[in-house]
Amino acid sequence: MKIRSPSNLHYPITVVELAKKRDEEVQRSSPLFSYTYESVVEETDRYGEAKSVKKKWPARFDSSAEGVVSQWFVKAGTVIQRPGIDIVEIEEPCTHEVQFGSLCANCGKDMTEVDYLTDQRNVDRAPINMTHGTLSLLVSQKEAVRADEEVKHRLLESRKLSLIVDLDQTVIHTTCERTIGEWKEDPENPNYDAVKDVQSFQLADDNIAGVGANSYYVKMRPGLKEFFDRVSHMYEMHVYTMATRAYAQKVADIIDPERKYFGDRILSRDENYTDKLKSLQRLFPTNTDMVVIIDDRADVWHYSDNLVRVPVFNFFPGAGDINASFLPKQQELITSSPKVATPESSPTKETPGNEGADAATYSVAAKPGETATTENTNGALTEIEQQLISMGSVDNPEVLEQQAKEQEKIIITQQIERPLLQQQLLLDKEDEGAEAAVEENGEAVDTQNGSTQTTEPHKHRHSLLHDDDRGLEVIERHLKAVHQKFYDEYRKGRKVPPGGRIAELKGSPKKRLESSVPDIKVLMPRMKREVLDGSTIVFSGIIPLGMDVQFSDLALWVKSFGAEVSTNISRQTTHVIANPDRKTTKVKKAARYPHIKIVNAEWMLQCCARWEHIDETPYTIEVDPAERGGSPFEELEDTDPGVTGDEDGADGVDEVPIDMSEAKWDDIDDEFQAFMDESDDSEDNASTDSESVRSEASTKSDSKQIKRKRKRTTGSTDVSEAEDSDASTTSTSRLQRRKKRTMERVSSLTNVVTADKSSGLPSPETTGPEEDTGELEKDPDPAGLAAEDSDPEEDDGLEAEMLAEFERSASEEA
Amino acid sequence: MFFLKELEKTIQLHPSYFGPLIRQHIHRELLTKEEGSSTGKFTIVCILDSFDISDGQVIPGSGFAEYTVHYKAIVWRPYKGEVMDGVVTSVIRAGFFVDCGSLQAFVGNAMIPSEIRFDANATPPQWTDNGDQVIEKGTNIRIKIKGLRAELDRMYAIGTMKEDYLGPLQS
């Protein structure tokens with residue numbers, strides 16, 4: 001240890017004599033050298049006159065470490081001017097590299113002792129924890145590097161890599177619902193086949209809210225044993241979970257009873273220091289070049305390059321991840337029914353080719369009810385979670401307590417309300433009702449699906465749970481590929497003398513072996529980037545409003561596969577990922593470019609899960625052929641992508657800057673005016689608004705105002721839609737049809753508005769006095785209109801109030 | 001090492017316990033709260049039967065009654081240099097953990113004789129000299145305490161195996 005001049009001396013000091021020679025032993029707090037310093041003091045002579053005198057004082061310097069002096073940096077006569085100058089190097093007998101409970105594991109000394117000589121506490125020498133199961137064993141940076149090196153050598157020797165395995169929803173799925181236990185006992189139950197291998201356990205130390213001992217039911221992902229068996233030849237596996245220690249141990253007992261895959265390499269929330277994140281550095285503090293992670297969530301890993309994100313294993317619909325309450329809320333996505341319905345909809349296996357058709361036919365026959373319930377339960381749960389997360393990620397005990405309570409609540413909900421049982425009952429009911437319908441449809445279905453799919457009458461009842469997850473096969477394929485690639489490169493690197501690749505390997509020591517070890521963080525992203533390289537993707541109706549598209553979960557995910565994500569349709573766009581239930585502007589716009597493929601989110605998920613650019617055909621969203629073909633009128637618009645820019649806002653996408661010429665603006669305004677004139681009466685006040693806007697300079701802020709107006713009024717188009725579409729079927733003009741489409745458009749914003757409207761106040765879509773409001777428009781009602789115009793930020797409640805006022809005055813006039 | 005020690009404890013009782021069985025309640029409270037607890041210096045192993053309860057005093061404002069109990073107990077206190085037997089709880093590359101009653105000790109690789117090496121490929125992982133000395137989870141082992149540190153309610157120790165007659169016990 002190097003001793004430097006401390007900050008609490010009276011500088012400058014002059015070394016007088018060294019007390020210890022080189023190679024001499026020195027005890028702690030024994031003198032190292034003596035020195036003198038000068039200071040000014042008051043001196044009074046015998047006549048009582050005070051004088052300031054500069055005096056020289058002798059002092060000695062004590063050693064703050066014990067050991068053998070290995071080198072002096074000062075000699076007698078050296079003047080030390082300031083703190084921080086090297087004085088002496090002392091070789092210590094023990095450098096306290098490993099500490100257990102603040103005791104040095106090598107010499108047994110207490111590391112917390114602090115005295116007048118301490119300039120750096122001994123506990124600070126070992127700040128790193130790299131042990132799985134304990135919090136009290138810490139090591140120094142040097143020791144950590146050494147241990148990492150050792151692991152690396154061992155792994156290279158046995159041709160393995162490290163694999164970090166997440167538990168919940170990656171390799172298992174757990175629920176607390178008692179129903180599973182009952183189904184498991186009952187061979188008659190339609191779910192019996194799926195749940196017969198579910199294992200349960202109880203935790204001794206949780207007795208939640210008097211519900212009694214709480215059983216956890218664990219479903220292993222199909223093929224897990226074989227998966228572990230094969231992967232353990234290529235990888236040394238670690239468990240890293242956000243569940244508690246006790247839970248992790250119990251699950252490990254189930255998935256690895258002999259402890260041959262994981263051993264004691266289990267890391268749980270209790271040893272993770274934080275509830276919010278998982279960190280590779282926790283286990284591999286210095287070297288993460290040979291680590292691969294499998295997890296169903298990327299955000300907790302900060303989208304690490306080592307991560308192989310796996311499709312979520314969701315066996316018990318609606319159960320979610322019971323240990324997720326502590327994690328940050330998963331970004332919500334508007335992926336709708338297909339994802340839920342496809343794997344669950346048909347009891348028999350299906351080939352990817354007719355998947356789409358299957359889902360469609362079945363959802364006609366029996367399924368809509370089921371899908372709906374699933375989503376409802378999901379909603380109920382996520383609502384709780386949402387509330388919880390909105391408390392913010394501040395790490396204070398109150399929040400933690402709240403989170404713990406929320407977790408309890410979720411578990412209790414599962415225990416008492418038993419959503420799965422409810423769903424099954426509902427499903428049974430649906431079945432009975434649908435039986436007849438299916439038989440009628442039977443013929444039609446047969447012809448659609450060809451011979452692969454028989455529509456034999458349903459066995460007896462539909463089962464809610466399906467044991468057909470194939471996620472592990474996919475994961476295994478990736479792990480195999482990564483392993484193969486890693487060791488291919490490793491072999492190549494060893495033969496060829498290390499050249500340019502060294503630069504890529506950061507911080508590798510100058511050993512020959514090290515320089516040729518590839519880095520997973522470089523290698524895996526390269527493999528992934530090939531998948532969707534060159535595609536430019538636009539999301540539409542998928543990512544919720546108010547979220548930065550570029551940093552949304554899906555976008556980050558797809559970007560890691562080499563695709564680019566942009567916010568609006570352009571010539572470069574190759575794919576539009578859309579919500580099949582909603583025809584957004586972007587979809588319509590993309591439909592005019594024949595080269596743009598419009599697909600549902602499932603396509604992207606499949607690509608990302610399989611690491612292949614898969615065929616888009618089964619996932620294509622059907623677009624009206626009329627929209628596919630371009631007309632001269634629309635062609636004109638195509639040349640100017642900015643025109644529809646303001647409408648994009650309604651699709652939940654951030655506003656993009658629009659630059660438009662004055663001439664274009666006139667076009668727009670004309671069209672807008674025409675649209676407003678022909679739309680139903682309730683929108684008239686908006687049209688006056690637009691007129692006033694047009695009279696002003698057409699700046700961007702104005703366009704925003706229009707947009708806001710239109711958004712607000714779209715709520716009322718819901719009702720008038722029917723009559724309007726009736727009218728437009730007769731008309732043949734392009735303009736008319738375009739208008740109709742605009743009217744049909746339902747944005748996510750509309751949903752919010754209608755949801756809020758259930759407050760009891762009269763809402764704008766009350767159909768009664770529509771003509772009245774028309775009259776009213778002609779009537780000068782300055783107060784009402786002024787308020788409407790002046791305050792575009794007003795909330796729905798106020799708006800509703802205003803309209804109520806409108807109607808009242810209107811009826812008075814009538 | 002075990003000692004017989006006189007101790008004192010202040011117990012507060014909820015008013016609902018006031019009644020003819022009050023001494024039993026105090027007794028039970030004492031046993032459940034104190035036995036097995038660690039003060040940082042020593043662990044209370046067993047409370048002896050004879051003990052003496054002071055007169056109760058009602059605390060103004062809360063209604064709780066406060067009793068001071070004097071009792072004798074067998075306590076256990078580890079010392080530096082003491083040799084003790086324990087059970088291995090966890091084996092890692094850096095050493096292994098031993099539970100000696102209420103004391104958790106760690107034996108690092110510097111404290112393990114050099115002929116005993118870590119074998120990561122065995123299941124479960126173990127420290128072994130490839131002879132009759134095998135240290136794995138659950139092994140009974142004799143160690144000597146090299147260092148001790150007490151925190152508020154627990155103690156940490158560093159153990160060594162590098163002396164004669166220390167190491168796994170033949171059971």
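Please read all numbers here as calculations on a predicted model, not as lab measurements. So you know, we letter chains A, B, ... as the sequences are listed, proteins then strands, and number each from 1.
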Can you establish whether the number of heavy atoms outside [X] located under 6.0 Å from its atom [atom1] is more than 12?
| X | atom1 | value |
| --- | --- | --- |
| L152(B) | CG | no |
| D55(B) | CG | no |
| K162(B) | NZ | yes |
| K225(A) | NZ | yes |
| E91(A) | CD | no |
| E25(A) | CD | no |
| R159(A) | CZ | yes |
| Q281(A) | CD | yes |

> Okay, side chain of R259(A), backbone of P124(B): is any donor-acceptor separation there less than 3.5 Å?
Replying inline: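 Checked: no pair found.
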
Atom of [X], atom of [Y] and distance for their closest heavy-atom approach:
| X | Y | result |
| --- | --- | --- |
| Y156(B) | S136(A) | CE2-CB, 4.0 Å |
| M111(B) | N106(A) | CE-O, 2.8 Å |
| R149(B) | S102(A) | NE-CB, 3.3 Å |

> At a heavy-atom separation under 4.5 Å, does R93(B) approach chain A through its side chain, its backbone, both, or neither?
Replying inline: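 Contact with chain A is through the side chain of R93(B) alone.
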
> Relative to chain A, which segment of I145(B) carries a heavy atom at a distance below 4.5 Å: side chain, backbone, both, or neither?
Replying inline: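 No part of I145(B) comes within 4.5 Å of chain A.
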
> For the candidates V139(A), T134(A), L137(A), T131(A), which exhibits the highest count of non-hydrogen atom pairs separated by less than 4.5 Å from chain B?
Replying inline: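 Counting heavy-atom pairs under 4.5 Å, the top option is L137(A).
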
>> Just so I understand: if I count every heavy-atom pair under 4.5 Å between each of R154(B), K80(B), Q104(B) and chain A, which residue has the most?
In response: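 Of R154(B), K80(B), Q104(B), Q104(B) has the most heavy-atom pairs under 4.5 Å with chain A.
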
Chain B contact via [X] - side chain, backbone, both or neither, heavy atoms under 4.5 Å:
| X | value |
| --- | --- |
| S158(A) | neither |
| K109(A) | neither |
| R265(A) | neither |
| E236(A) | neither |

